[in-house]
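Below: one structure, written as structure tokens.
In this chain, residues are counted from 1 in sequence order.
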Amino acid sequence: MPRAILSTFLIFLSVIAVASSQTPTPKPLPKEPLEKYDNPPPLFPAVATSPGLISQFGPYTSYQVNVNASGNNIVGDAANEPSICVDPTNRNKMSIGWRQFDSVSSNFRQAGFAHTTNGGRTWISAGVLQRNVFRSDPVLNSDSAGRFFYLSLLQTFFDDLWRSLNAGQSWAYIAPASGGDKEWFTIDNTNSTGHGFQYQFWSDGANYGGRQFTRSTNGGLTWMNPIDIPNSPAFGTLDVDSNGNLFIGGVELEGGQVWCVRSTNAKNGAVVPNFDQSTAVDLGGKIVAGQLINPQGLAGQIFLAVDRSGTSTNNNIYMLASVQPAGFTSGTDVMFVRSTNGGQTFSAPRRINDDPVNHVKWHWFGALSVAPSGQIDAVWLDTRNAANNINSQLFYSYSLDGGNTWSLNVAISNSFNPYLGYPNQDKLGDYITIVSDNAGANVAYAATFNGEEDIYYVRISRNAWNLITTADFNGNGKPDYALYNVSTQGTAIWYLNNNVYVSAAYGPTLPSGWQFVATGDFNRDGKPDYVLYKTSTRQTAIWYLNNNVYRGGAYGPTLPAGWILTSTGDFNGDNKPDYVLYNAGTHQTAIWYLNNNVYIGGGFGPTLPNGWALVGVADFDRDGHPDYVLFHASSGYTAIAYLSGLTLVGADWGPNLPSGWVLVATADFNGDGKPDYVLYNAATRQTAIWYLNNNVYVNSAYGPTLR
């Protein structure tokens with residue numbers, strides 16, 4: 001990375017994403033195919049490269065997927081509509097397919113793909129299925145033996161099927177696969193008589209006089225003559241229950257009614273299937289297209305998934321979608337319903353996004369998956385923190401009890417402007433995808449972190465402890481680790497002697513909706529306190545602690561829209577901790593001066609260059625003023641921004657981190673009066689301490705491994 005990036009920081013260069021917030025006229029669902037051949041291949045495909053981007057947001061790391069064979073980003077191309085599949089025999093092996101635009105100057109698209117063998121930390125792409133062949137609507141899936149399948153829409157609106165026997169490294173053409181615009185398919189991996197059968201349906205049946213469904217009983221080599229589906233569902237997905245019964249969810253384009261359709265004999269290869277049940281479903285709103293957030297695409301599709309856990313929730317049917325509430329022409333919510341009786345009836349719709357109801361906010365591209373144990377995972381893009389109601393973040397929630405209750409919503413990614421990097425088609429695609437396992441979820445989504453439409457992968461660990469910050473909790477003059485478990489809302493203190501784990505104790509458990517974000521001694525009793533944040537209200541709170549014991553609390557100031565709390569430090573020299581805020585849309589920082597929990601003033605700090613994250617605050621040059629420590633995740637670079645109060649007075653490079661490690665906190669671990677780096681490796685959950693003299697690396701040691 002050129003050092004000019006750091007110099008741009010010195011002159012406060014910032015990139016501000018601006019978008020209109022005007023509400024458009026409501027549009028009907030498209031009756032014509034969404035995918036059309038309207039541009040030839042670009043005359044000059046993008047060839048310049050830059051390092052593949054890694055985007056760090058708290059404990060969550062998003063890795064760029066649409067890279068070349070060397071792992072580098074292709075400058076000037078675009079990619080969207082990612083579909084992910086995972087090898088059930090080795091979950092470190094995954095593949096993602098997407099719509100590949102070789103240049104933003106053309107709408108011509110192909111079938112991109114990449115694979116990973118190390119759990120998503122690095123991705124390699126061998127290119128596209130067929131060079132200069134128009135393809136769209138990628139859908140990937142895997143069977144129980146670990147064979148990967150890639151279903152692809154052609155210019156003719158027919159589909160074909162490809163197979164990989166090496167976890168997505170290369171793909172071989174199998175056969176034509178019938179199909180139509182926006183096809184989805186599933187594979188029966190149960191022990192039913194339909195084991196291995198592949199089921200496909202699509203939204204536009206123009207090639208078959210409206211018929212939308214087909215089946216393959218021989219691994220995709222041949223497909224049944226397509227048949228009708230009752231009520232013609234569109235823009236939805238399909239799944240099988242533990243008995244091999246097939247369920248399809250979708251929306252009827254005429255009128256917008258959502259349906260769940262069942263076939264109990266599709267698993268019988270000797271008969272032409274019929275659909276014996278069709279149930280109208282209320283999702284609390286309507287599927288919409290052509291909206292402000294995604295002008296030429298959908299705001300989301302309907303995801304249907306079935307619980308095959310063998311537990312008390314076995315064969316529950318779940319449906320989730322981003323819908324626009326009835327009576328409104330702007331905004332969408334992520335809504336969920338379930339059936340506990342084989343799709344005969346469904347529950348009342350439940351709103352999963354937990355922010356205050358606001359019909360100018362978009363919770364879009366909602367996607368759903370169920371783990372083998374029955375845990376439900378949901379992800380979506382969300383504008384709740386954006387002042388312009390456009391900039392979006394990936395959000396996540398899960399349910400451990402069959403959808404009765406849901407965890408607090410957690411932001412998983414940095415904010416990005418979805419308007420950036422459009423090819424000759426103004427949309428970020430029509431969907432994102434998620435595949436769950438018993439420990440968490442694998443997500444493929446499109447984002448514009450580097451100013452282009454790219455595909456990213458993020459692993460969400462459901463039950464893991466995350467290192468939030470460091471502080472001296474037991475008063476022995478040595479910093480300890482402060483941990484937070486998003487699954488249980490629990491906190492814990494790991495007491496350290498330099499880099500050595502000594503013991504641990506649980507801290508207080510947070511109430512629903514609150515997150516643990518920082519520490520500081522706000523009541524000046526010589527003991528660090530917790531700083532909490534509630535996404536739905538943007539409220540902060542201080543929890544006063546005596547070591548690991550809760551002693552009371554008070555509300556802190558409420559943050560304005562678009563700002564997040566990143567760190568604390570004493571910037572005005574009154575020996576009281578202040579808030580450090582960051583605005584992902586403008587890259588601006590701000591300091592809020594506090595007296596205990598009360599806001600007394602503030603001002604803007606320096607603006608960060610694009611791609612850099614503010615990781616912590618510490619006095620590196622020992623001038624009595626706290627400084628910023630910055631981290632650039634995709635390159636591993638670090639930098640120190642020296643401050644005097646709010647004013648940037650200088651900057652220098654810190655040490656570069658090795659691949660796989662991220663910078664998460666700072667503290668003086670070896671007692672030399674100089675702050676050190678705390679590093680974390682997501683693959684091994686190992687921590688490390690890098691001892692510094694100002695910005696210079698001196699030596700290092702491993703810290704404890706997180707559980």
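- Looking at Arg91 and Asn442, their side chains never bring a donor and an acceptor atom within 3.5 Å of each other.
- A perpendicular orientation is assigned to the rings of Tyr501 and Trp494, their planes being inclined by more than 60° (bins at 30° and 60°).
- Trp123 and Tyr457 have tilted rings, their planes meeting at an angle from 30° to 60° on a 0 to 90° scale.
- Using modelled atom types, one side-chain atom of Ser413 and one backbone atom of Leu394 make a donor-acceptor pair closer than 3.5 Å.
- Separating the CG atom in Asp333 from the CG atom in Asp382 is a distance of 9.5 Å, to the nearest 0.5 Å.
- Remark: the Tyr544 side chain and the Asn596 side chain contain an N/O donor-acceptor pair separated by less than 3.5 Å.
- A donor-acceptor pair under 3.5 Å is absent between the side-chain atoms of Asp480 and the main chain of Asp472, judged by distance alone.
- If you check the side chains of Tyr628 and Ser567, you find no donor sitting under 3.5 Å from an acceptor.
- Remark: Lys534 does not engage Asp354 in a salt bridge, criterion side-chain N to carboxylate O under 4.0 Å.
- Between Arg459 and Asp437, at least one side-chain nitrogen of the basic residue sits less than 4.0 Å from a carboxylate oxygen of the acidic one, meeting the salt-bridge criterion.
- When each of Thr566, Thr607, Leu565 is tested with Tyr582 by the rule side-chain contact (heavy atoms from CB on, under 4.5 Å), just one qualifies, namely Thr566.
- For the atom pair CD of Gln64 and OG1 of Thr122, the computed distance is 13.0 Å after rounding to the nearest 0.5 Å.
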